[in-house]
There are 2 protein chains.
Amino acid sequence: MRNKPLSVTIKDVAQLAGVSSATVSRVLAHQPHVTEKVRQHVLNAVNELHYQPNRVARSLRLQRANILGLVVADVQNPFFLAIVRAVEDIAIAHGYAVFLCNADEQVEKAKMYIDLMLAENVAGVIIAPSRAENDPCLACIEAGIPVVLIDRTLEDAQTDTVIVDNCQSAFRLVSHLIDDGYTRIGAIFGDLQVSTNRERRTGYEQALLTHNLPCAAELVRQGKPIQEVGYQLTCELLGLPEPPQALFCGNNLLTKGALQALHDRHLRIPDDIAVGAFDESDWTSLMQPALTVIAQPAYEIGTTATEFLLQRIRGDERPPREVVLNTAFHIRGSCAHHR
Amino acid sequence: MRNKPLSVTIKDVAQLAGVSSATVSRVLAHQPHVTEKVRQHVLNAVNELHYQPNRVARSLRLQRANILGLVVADVQNPFFLAIVRAVEDIAIAHGYAVFLCNADEQVEKAKMYIDLMLAENVAGVIIAPSRAENDPCLACIEAGIPVVLIDRTLEDAQTDTVIVDNCQSAFRLVSHLIDDGYTRIGAIFGDLQVSTNRERRTGYEQALLTHNLPCAAELVRQGKPIQEVGYQLTCELLGLPEPPQALFCGNNLLTKGALQALHDRHLRIPDDIAVGAFDESDWTSLMQPALTVIAQPAYEIGTTATEFLLQRIRGDERPPREVVLNTAFHIRGSCAHHR
DNA sequence: GTGAAAGCGCTAACAC
DNA sequence: GTGTTAGCGCTTTCAC
């Protein structure tokens, strides 16, 4: 085993400053009742020794680490990645480290990570699950740790939630397609156990109904929100006796699969089939033509959630809040007037 | 403040099993010299109480947490993201959590994170910096913590390194362009302080020299490896009196900027200009035409580095190793026979 | 206003 | 083979 050089402890500082470790602790915690002179001595000693408090010891003593847990369903999804960055930015600014957990669409992995976070005494947790399984998250609430949910709601969890208006956003996009003259609009969604996907489908259906168009069950498909499934579901739609004129993709990974399918069949966008999708990605504007999308305020979701969490950690006992953030609608070349 | 319910400690287990906490510790550490009968009693108690060792207390006691630090230059870069996933997978399998730090191309941020990691007693660190600044990383080595560098080498740091053969890979790609008949090949690279970028440029130059082509200084540009800079550098090349027939992009973010620039000027690939690039991204095969790229074995870099790090943590004192992994060359539609 | 001392949960040296 | 105990570095009563 490598031998780690001993680091400078609070005792070293106390000794150099000629006070007790209790006093050093008080000074660093910005507590009152410390003489200004003593305070200066302590601060000088801290600087001289480059003292950095041992976060582990503090965690053990306080039974709470200055760490925020963050569980996302898939870090490779740019939507979640933007959230990760936001949470990190805010957390760091408040002296918290972030324990990032990539559940990777697996409930067992999420559970394992949450147990790990609890064992690390995290101060609070932000969870952005993609599945309906709620067990892991509830464990945190049971453990008395503040929890903020993002991206989707959870029926059995009464806790702060930050989401977007999925239904309204989907309604807007599909309505736009209808206004462009498309009447036969296919749609692919992620698992319907997830509130997000249910709401997006509802928005899709309501748009059709509002414009007196039929909701053909054959035009709506759902599956695991990954690229391969997007590819397959799109192939199914294209194989229909009467294939759709336009396609609504309910998630950015499904979108990638769908585009791959259209590409492989040499279908031109929007001439052969129009496309509108949920989620902005860095390649959506690079495409030829660029993709019409609903952009979620991912970064803002992250910052809002983190601020809520920090409030709870500080002891805020208000009843749970649900914040609904606005999406942005970017109309680009992937849909145009039909025919 | 919320009051956290008391968690079950090693003492509770000891009491239920009718042994001392030391024995429980021994059983859980898989130490020998424990009667099978006692062992069973302890394990039963552990299961019954759902005991989970407090990782914080263990860290404090051992002066070393079961946490691996991972510092990447930019998590939004798919290359680093793949590494993140790899490190996580291996670490978790060995009972380690991962403390992910996104340096975000900022040395100060990297330094701050590294201080934080040291204060958290991480067992070891994997660093994938994008800048030449080496200070933060050296702090770990000084602190006696095992360090594995990935993606690039660091002259003043004698420590394990996992990289790819950037020079050879660039040589291969540029040679391919030359074989296709392109003689005037522009190139854009990230900062030349970074070994990776220097090597890629060397490969580019050697390919030209080997094929008896001139190395025109005007055709080579470098800057911060971000999309905006890629855009700008490409515009500069296109603005030359005699613009390049082909473009070699030395990094995936530069590539995105370059493609955006070509797109904005309505240049067709490969008819107007051919493109070859470093790094596979999820959109490179989605493009029309798909992009010819050198794919780095990002996941393998991550797994290799993590395995090295775990060996060092276990006390391996071998001299530092440098592993060079192979890249893959995917020839696609973005370059074709010239004229 | 400051110090002494206990103790967070765990491991490892030392008894027996 | 198992128990007793000290102590990791910190915060926080409780004295004075």
Side-chain angles (χ1 to χ4, degrees), chain A residues 1 3-43 45-46 49-67 95 118-123, chain B residues 1 3-43 45-46 49-67 95 118-123:
Chain A
M1 289 283 174
N3 47 344
K4 239 185 75 177
L6 298 165
S7 51
V8 27
T9 75
I10 199 170
K11 274 190 177 175
D12 302 323
V13 177
Q15 194 169 8
L16 181 61
V19 297
S20 76
S21 60
T23 302
V24 177
S25 178
R26 274 190 275 262
V27 169
L28 295 178
H30 301 106
Q31 283 183 25
H33 309 308
V34 182
T35 321
E36 182 57 25
K37 198 179 117 194
V38 172
R39 222 177 66 83
Q40 281 308 327
H41 279 164
V42 169
L43 292 178
V46 164
L49 298 175
H50 298 107
Y51 170 67
Q52 286 217 297
N54 182 318
R55 293 171 64 97
V56 177
R58 176 183 278 163
S59 298
L60 181 60
R61 176 62 228 236
L62 298 180
Q63 300 290 25
R64 183 164 57 66
N66 279 347
I67 300 179
L118 293 178
E120 292 278 3
N121 277 337
V122 296
Chain B
M1 289 285 173
N3 46 344
K4 239 186 73 178
L6 299 164
S7 51
V8 26
T9 76
I10 199 169
K11 275 191 177 173
D12 302 322
V13 177
Q15 195 169 7
L16 181 61
V19 298
S20 77
S21 60
T23 302
V24 176
S25 179
R26 275 189 275 259
V27 170
L28 295 177
H30 301 107
Q31 283 184 23
H33 310 308
V34 182
T35 321
E36 181 58 25
K37 198 178 118 194
V38 172
R39 223 177 66 83
Q40 281 308 327
H41 279 163
V42 169
L43 292 178
V46 165
L49 298 175
H50 298 106
Y51 170 68
Q52 288 217 295
N54 182 318
R55 293 172 65 97
V56 176
R58 175 184 279 163
S59 298
L60 181 60
R61 175 63 229 236
L62 297 180
Q63 300 289 40
R64 184 163 57 65
N66 279 347
I67 300 179
L118 293 178
E120 293 278 2
N121 277 338
V122 296

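Labels below follow one simple rule: chain letters A, B, ... track the order of the sequence lines, proteins then strands, and each chain is numbered from 1. Since we're looking at a predicted model, the values are computed, not measured.
Positionally, the nearest nucleotide of DNA chain C for P32(A) lies more toward the 5' end than for the other of L28(B) and P32(A). In this structure, S20(B) and K11(A) both approach DNA chain D, and ranking their closest nucleotides by distance from the 5' end singles out S20(B).
Terminal axes of the helix from dG1(C)-dC16(D) to dC16(C)-dG1(D) (five pairs each, C1' rotation axis) are separated by 50°, to the nearest 10°.
Per the geometry, CZ belonging to R26(B) stands 15 Å off P belonging to dC10(C), to the nearest Å. Atom NE2 in H30(B) sits about 12 Å away from atom P in dT11(C), given to the nearest Å. Taking atom CD1 on I10(B) and atom P on dC8(C), their separation rounds to 14 Å, with Å as the unit. Spacing between atom NE2 of H41(A) and atom C1' of dT2(C) amounts to 15 Å, rounded to whole angstrom units. The interatomic distance linking N54(B) (CG) with dT11(C) (C1') rounds to 13 Å, in whole Å.
Screening residues 9-33 of chain A for salt bridge (charged side-chain N to carboxylate O under 4.0 Å, His left out), with sequence neighbours left out, gives no hits.
The minimum heavy-atom distance linking N54(B) with Q63(A) is given by the pair ND2-OE1, 4.5 Å.
Going from atom CD of Q31(A) over to atom CG of L28(A) covers 10.0 Å, rounded to the nearest 0.5 Å. We find the NE2-OG1 distance between H33(B) and T35(B) to be 11.5 Å, quoted to the nearest 0.5 Å. With values rounded to the nearest 0.5 angstrom, E120(B) atom CD is found 6.0 Å from S59(A) atom OG.
As judged by a 4.0 angstrom heavy-atom cut-off over every strand, S25(A) is placed among the base-contacting residues. Using a 4.0 Å heavy-atom distance criterion, V56(B) is classed as making no nucleic acid contact. Residue L62(B) is classed as a sugar-phosphate contact, given heavy-atom separations below 4.0 Å to backbone atoms only.
Residue S59(B) places no side-chain N or O under 4.0 Å from the OP1 or OP2 atom of dC10(C). Between Q31(B) and dT2(D) there is no side-chain polar atom (N or O) within less than 4.0 angstrom of OP1 or OP2.
The shortest side-chain heavy-atom distance between L62(A) and N121(A) does not fall under the 4.5 Å cut-off.
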Expected rows: protein N/O vs nucleotides 5-7 of chain C N/O, under 3.5 Å:
| unit_1 | atom_1 | unit_2 | atom_2 | d |
| --- | --- | --- | --- | --- |
| dG7(C) | N2 | R61(A) | NH1 | 3.1 |

